[in-house]
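Notes for the one structure printed next.
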Amino acid sequence: MPTTSGQFSRSAMGNAPRVYPSDIQPLLQSILATLADIDQVHETEVAIVRNSTADEWLKQSVIRRLEERHRERRAPYVRQLEAVEERIRALAA
């Protein structure tokens, strides 16, 4: 049964040991929260541009730049996430 933090309680899992060190979950939550924040800012910026009265060619140009900046801002966090996922796989092996 999940607890309010989203974790499974020890009683619901029996006495199963943790599969990963306790530092991994907070790290995952932090990375995912940062990615969500980046995505939210990006979606807001794109919506502002789309709803503007600028010419369509200008909107598309600005959106392309926003998309590139979005990818660049996400990239280091995606790499961190991949590293954590690899660490989890290694621990599970």
Side-chain angles (χ1 to χ4, degrees):
M1 168 174 297
T3 63
T4 57
S5 67
Q7 281 284 74
F8 285 92
S9 69
R10 281 283 196 208
S11 62
M13 292 178 52
N15 289 324
R18 277 189 183 238
V19 179
Y20 53 87
S22 61
D23 64 325
I24 290 181
Q25 183 173 353
L27 179 58
L28 277 172
Q29 289 174 334
S30 174
I31 294 168
L32 292 172
T34 300
L35 286 168
D37 289 345
I38 291 169
D39 290 347
Q40 179 61 45
V41 168
H42 171 71
E43 290 172 14
T44 300
E45 291 173 338
V46 169
I48 289 168
V49 172
R50 285 196 172 121
N51 293 326
S52 75
T53 58
D55 290 337
E56 191 60 32
W57 67 268
L58 182 56
K59 289 182 187 182
Q60 293 306 314
S61 176
V62 171
I63 289 171
R64 279 192 299 276
R65 282 186 270 146
L66 289 172
E67 295 287 342
E68 184 168 333
R69 187 179 74 168
H70 179 242
R71 282 189 299 275
E72 290 171 356
R73 289 184 67 208
R74 284 179 54 89
Y77 299 101
V78 170
R79 287 191 297 271
Q80 283 182 341
L81 184 59
E82 290 167 347
V84 171
E85 289 172 339
E86 182 58 35
R87 184 174 166 199
I88 291 169
R89 280 192 290 278
L91 290 169

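Just so you know, these numbers use all the heavy atoms, side chains as well, and skip hydrogens, waters and symmetry mates.
- In this structure, CD1 on Ile38 lies 12.0 Å from CD on Glu43, to the nearest 0.5 angstrom.
- Checked for salt-bridge contact, Arg89 and Glu86 meet the test: a charged N lies under 4.0 Å from a carboxylate O.
- In this structure, CZ on Arg64 lies 15.5 Å from CZ on Arg69, to the nearest 0.5 angstrom.
- Residue pairs meeting the ring pair (Phe, Tyr, Trp, His ring centres under 6.0 Å) criterion with at least one member in residues 26-75, sequence neighbours excluded: His42-His70.
- The closest donor-acceptor contact from the side chain of Ser52 to the backbone of Val49 lies under 3.5 Å.
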Below 3.5 Å, can you tabulate the donor-acceptor pairs from side chains in residues 74-84 to any protein atom, sequence neighbours excluded?
{"residue": "Arg74", "atom": "NH1", "partner": "Asp39", "partner atom": "OD1", "Å": "2.7"}
{"residue": "Arg74", "atom": "NH1", "partner": "Asp39", "partner atom": "OD2", "Å": "2.9"}

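- Heavy atoms only, all atoms of each residue included: Leu91 and Ile24 are closest at CD1-CD1, 3.9 Å.
- With rounding to the nearest 0.5 angstrom, the CZ atom of Arg87 is 4.5 Å from the CG atom of Asp23.
- Taking Glu72 as the reference, Glu68 meet the side chain to side chain contact (heavy atoms under 4.5 Å, CB included) condition, with sequence neighbours excluded.
- No donor-acceptor pair under 3.5 Å is formed between the side chain of Ser30 and the backbone N or O of Pro26.
- Side-chain heavy atoms closer than 4.5 Å link hydrophobic residues (I, L, V, M, F, W, Y) into clusters, and following such links, even through other members, never connects Ile48 to Leu58.
- Atom CD1 of Ile63 sits about 7.0 Å away from atom CD of Glu56, to the nearest 0.5 Å.
- Between Val41 and Asp37 the shortest side-chain heavy-atom distance does not fall below 4.5 Å.
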